[in-house]
Amino acid sequence: MKNIITSIMMAFSVYGYSQTEKETDSVVETSITVLDEIVITKKKVLYTQKSDKMVFNVENSIVSEGGTALDVLSRAPGVVVSQDGELSIRGQQGVGVMINGKLTQLSQKELANYLKSTTSSNIKQIEVITNPSSKYDATGKAGIINIILKKPNSDGLKGTAFTNYGRGRKNRTNSGLNLSYNKDKFGIFGNYSYTFRGEEERKEFNQIQYTDITRQEIATKNHQNSITDEPLTSNNFKIGTTYEVSPKTNLEVYIDAKIGRYENIADGRNTLVNGLDQLLFDASTYNDSKEQWNDYTYSFSGVHKFNTEGKNMSFDFEYETSKFRSNQFQSAQNTDPSNAEAINDRRGFIPSQLKVFTGKVDFVNPLKEKQSLEWGFKTSLKNNDNPSVYEYYNNNDWIIDPNSTNHFEYKEQIYAGYANYKYQLEKLSIQGGIRTEYTAINIAQKTLNEEHKSDYLKWFPSVSMKYELTTDHAMHVSYSKRINRPSQFDLNPFRFYDDSFNYSQGNPNLIPEITHTAEVGYAWKSNFMASLYLSQTKDVFTEIYVYNPENNTTVTSQINVDKSYNYGLNITNTAEFNKWWSLNTLFNVFENKFMGNVLNSATIDPIVTLNLSLQNSFTITDSWKAEVNGQYQSKSNLGIYERDAFFDLSIGISKQILASKGNIKLNVTDVFNTNNFNINSVTGQTSINKRYDLDNRIATIAFTYRI
């Protein structure tokens with residue numbers, strides 16, 4: 001008689017340990033596998049909680065289908081994305097981003113464009129690593145986000161084709177193909193995707209300038225608004241091969257290309273009045289920024305297993321060359337008949353060429369029984385050449401602006417080594433390590449014929465322990481030290497214009513942030529996890545702004561302040577109410593406290609912030625699945641800014657077709673259009689309010705077919 005097992009729960013380790021731990025159930029979906037006379041129902045995990053990270057299995061999410069990598073990151077646990085694409089974890093900025101375990105070298109803007117052009121259909125998992133071990137790069141004071149892309153590895157010809165169409169205020173579409181062929185010792189793999197992302201955003205910028213720091217009397221009020229049209233087109237492809245040299249040695253070679261263009265066209269208005277609401281200045285504005293990039297990465301890696309069981313060596317060498325070009329045009333015209341003063345048009349030519357070489361070798365050495373040592377080395381060499389030219393139009397001629405034009409070259413060398421020890425007792429697991437990184441930086445201001453050099457050696461210890469109280473209860477504690485280095489754009493003192501009245505300026509005196517993080521946690525089975533965390537950052541980066549009433553311009557820059565603290569409570573709970581409904585609750589409450597002199601303020605008022613995410617998964621039938629996901633975050637502070645509360649509700653439904661080889665998914669993100677980015681700041685003699693009505697409400701239909 002045929003035996004039918006309707007549900008077999010896998011025995012997962014409770015709060016397993018570091019990279020050796022097993023997966024833990026969370027929100028799940030169901031699939032069925034037939035094995036001769038037994039039918040096994042296997043759980044598809046949506047979230048996996050581990051002691052040092054939370055894993056978001058994107059390929060099991062319905063509402064993530066048809067979006068971009070940046071869209072998916074905004075739904076990853078504990079992650080918040082700003083309007084400019086800057087990432088934060090648990091309310092902390094300064095996040096290291098890895099692609100398939102490799103640290104990206106792109107600037108914030110370049111990374112945001114890349115993530116917008118990477119389709120979610122190519123993403124397998126996102127790991128949010130809040131307390132990395134010494135094996136990881138020490139960069140990223142808030143932790144590391146590792147985006148793991150899909151890579152088929154089955155024998156024979158396998159693959160996936162996908163296409164989707166989305167509509168917000170503009171059309172969005174992407175299509176692509178993933179293929180792999182493996183036979184005997186040889187394998188070849190590749191993928192291609194085309195993305196078009198139309199986007200429209202509406203922005204408002206209100207600024208009040210007071211007569212003095214007591215802010216009792218208004219000097220001027222400035223109101224700016226704009227509507228942007230932001231089309232993005234990209235073509236990404238990757239092709240590689242694997243070869244099994246012997247049963248103990250495997251090699252891999254690939255080339256990864258990212259080619260794209262982006263345009264930001266904005267029509268707006270800029271109005272200035274005095275304290276009596278009398279008009280001082282009124283102008284219509286037009287800005288057009290065209291960007292193009294070509295990024296190629298060449299990689300050679302391999303793994304060798306020694307005769308001793310568990311002993312292995314892996315290596316990875318990578319060379320990346322990236323060319324980025326931005327052509328800007330900014331125009332403003334007086335609309336006030338009483339003001340005949342002409343406003344000069346501006347244009348900018350901002351090319352950038354990035355070359356990066358990274359090489360690393362890692363070893364795993366078993367010692368005595370239940371003991372092992374991981375150790376390795378890494379080298380990173382970066383060169384960024386940025387010859388920027390800005391011009392303004394005067395007397396029927398374009399004239400070079402010496403305050404903005406600059407040839408800036410940035411060279412960075414990082415040499416790292418680490419050792420990480422693991423010891424597994426009956427109930428106690430211990431991991432401890434040390435990482436050292438030597439950094440040498442050379443900055444050349446070729447326009448001014450100036451050169452700045454700096455070098456420093458830093459040590460980064462890390463330790464974590466897990467103790468199993470019983471088979472169902474476990475505790476863990478961890479500590480790590482990390483660094484967040486200023487980018488070359490943060491250090492460049494010349495101007496980068498957003499429009500005729502707003503520009504940013506780097507600070508060559510910035511020094512790296514150093515963060516110490518500690519965490520203690522508890523887990524009950526795979527259903528409930530809770531942790532308390534605390535981090536202290538010295539020389540923390542803080543954005544500041546300075547308003548010049550004479551020409552109605554605002555300059556934004558960054559400075560170091562003394563220190564900041566980030567502390568909070570994080571809870572994850574999984575509940576399976578019945579066979580067709582699972583609920584995963586992610587709860588985080590935190591506070592950021594900044595200390596130091598910022599624009600005549602000794603401290604920035606801390607805010608207790610609540611972040612709550614409810615992820616519902618429904619199994620309607622064997623072929624119909626659905627999700628309803630909601631996220632709420634209360635008011636929070638980002639340095640000198642306060643961000644208003646926001647809410648996001650997304651829904652999705654999927655249907656398997658074509659003998660389960662095909663899948664159709666329909667989803668709507670930000671159903672009520674409430675996930676906007678509104679920030680406020682009151683410091684010194686100025687108060688600022690910025691409101692971004694983002695293009696987040698998107699309806700998408702997606703089709704995927706397994707070859």
Side-chain angles (χ1 to χ4, degrees), residues 78-82 84-97 107-108 129-132 137-145 437 439 441 454 456 458-462 479-493 504-519 533-546 555-568 588 590-609 635-643 679-684 688:
V79 178
V80 173
V81 182
S82 77
D84 295 322
E86 186 173 5
L87 306 174
S88 62
I89 301 176
R90 292 176 174 176
Q92 265 201 312
Q93 296 173 316
V95 178
V97 177
S107 69
Q108 176 188 320
I129 310 171
T130 53
N131 219 359
D137 289 81
T139 189
K141 68 174 184 180
I144 291 175
I145 292 175
E437 294 187 354
T439 304
I441 295 174
S454 65
Y456 48 87
K458 301 289 185 182
W459 296 84
F460 303 97
S462 64
Y479 161 81
S480 66
K481 177 185 176 184
R482 305 192 60 74
I483 188 172
N484 190 37
R485 301 176 180 87
S487 71
Q488 62 267 26
F489 300 98
D490 296 327
L491 298 170
N492 191 341
S504 59
Q505 192 170 21
N507 178 3
N509 297 315
L510 279 179
I511 60 176
E513 300 173 297
I514 300 295
T515 299
H516 299 265
T517 302
E519 182 172 324
Y533 56 90
L534 167 66
S535 68
Q536 181 199 64
T537 301
K538 293 184 178 180
D539 301 313
V540 62
F541 300 158
T542 300
E543 183 179 287
I544 61 169
Y545 52 82
V546 177
V555 56
T556 302
S557 186
Q558 288 199 83
I559 62 171
N560 292 107
V561 297
D562 185 26
K563 66 181 66 173
S564 70
Y565 295 92
N566 171 259
Y567 39 85
N588 184 35
F590 63 90
E591 183 175 83
N592 290 321
K593 186 175 183 180
F594 295 83
M595 302 180 68
N597 185 32
V598 183
L599 298 179
N600 300 316
S601 298
T603 61
I604 299 172
D605 292 336
I607 299 174
V608 177
T609 302
K635 182 181 291 187
S636 60
N637 58 348
L638 303 171
I640 63 173
Y641 295 101
E642 291 183 0
R643 179 176 180 176
I679 56 176
N680 310 278
S681 176
V682 181
T683 55
I688 283 180

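Position 1 is the first residue of the sequence, and the numbers go up from there. Every heavy atom of this structure was used, including side-chain atoms; hydrogens, water molecules and symmetry mates were not.
The shortest non-hydrogen separation linking K635 to T609 is O-OG1, 2.8 Å. Here the closest non-hydrogen pair linking S564 and F594 is CB-CD2, 3.7 Å. Among all heavy-atom pairs drawn from K458 and I483, the shortest one is CG-CD1, 4.4 Å. Closest approach of L87 and V95 over heavy atoms only: O-CG2, 3.5 Å. In terms of heavy atoms, G91 sits closest to S88 at C-CB, 4.4 Å. In plain terms, the two heavy atoms of Q92 and N592 that are nearest each other are CG-OD1, 4.3 Å.
Residues satisfying the salt bridge (Lys or Arg N to Asp or Glu O under 4.0 Å) criterion with E437, sequence neighbours excluded, are R435, R485. With sequence neighbours excluded, the residues forming a salt bridge (Lys or Arg N to Asp or Glu O under 4.0 Å) with R90 are E519, listed by chain and number.
Side-chain contact between T556 and E543: present, with at least one pair of heavy atoms (C-beta onward) separated by less than 4.5 Å. A heavy-atom distance below 4.5 Å is not found between the side chains of T515 and N484. Within the 4.5 Å cutoff, side-chain heavy atoms of L491 are placed close to those of L510. In this structure, the side chains of S504 and S557 stay at 4.5 Å or more apart for every pair of heavy atoms. Annotation: side chain of I511 is not in contact with side chain of Y456 (no heavy-atom distance under 4.5 Å). Side-chain atoms of Y565 and M595, non-hydrogen and from C-beta on, do get closer than 4.5 Å to each other. In this structure the side chain of F541 never reaches within 4.5 angstrom of the side chain of N507, judged on heavy atoms.
Rounding to the nearest 0.5 Å gives a distance of 14.5 Å between CZ of F590 and CG of L534. Note: L638 CG to T542 OG1 = 10.5 Å, rounded to the nearest 0.5 Å. The structure places OH of Y545 at 5.0 Å from CD1 of I640, a figure rounded to the nearest 0.5 Å. Remark: N509 CG to N560 CG distance equals 9.0 Å, nearest 0.5 Å. Note that the CG atom of N566 and the OG atom of S535 stand 4.0 Å from one another [nearest 0.5 Å]. Here the straight-line distance linking atom CG of D562 with atom OG1 of T537 works out to 11.5 Å at 0.5 Å rounding.
One side chain, S480 or N131, offers a donor N or O that lies under 3.5 Å from an acceptor on the other.
Distance alone, capped at 3.5 Å, is enough to place a donor-acceptor pair between the R482 side chain and the T139 backbone. With hydrogens and angles disregarded, a donor-acceptor distance shorter than 3.5 Å links the side chain of D490 to the backbone of S487. Side chain of K481 to backbone of W459: a donor-acceptor contact under 3.5 angstrom is found.
Between H516 and Y479, the two ring planes are parallel [angle under 30°; tilted spans 30° to 60°].
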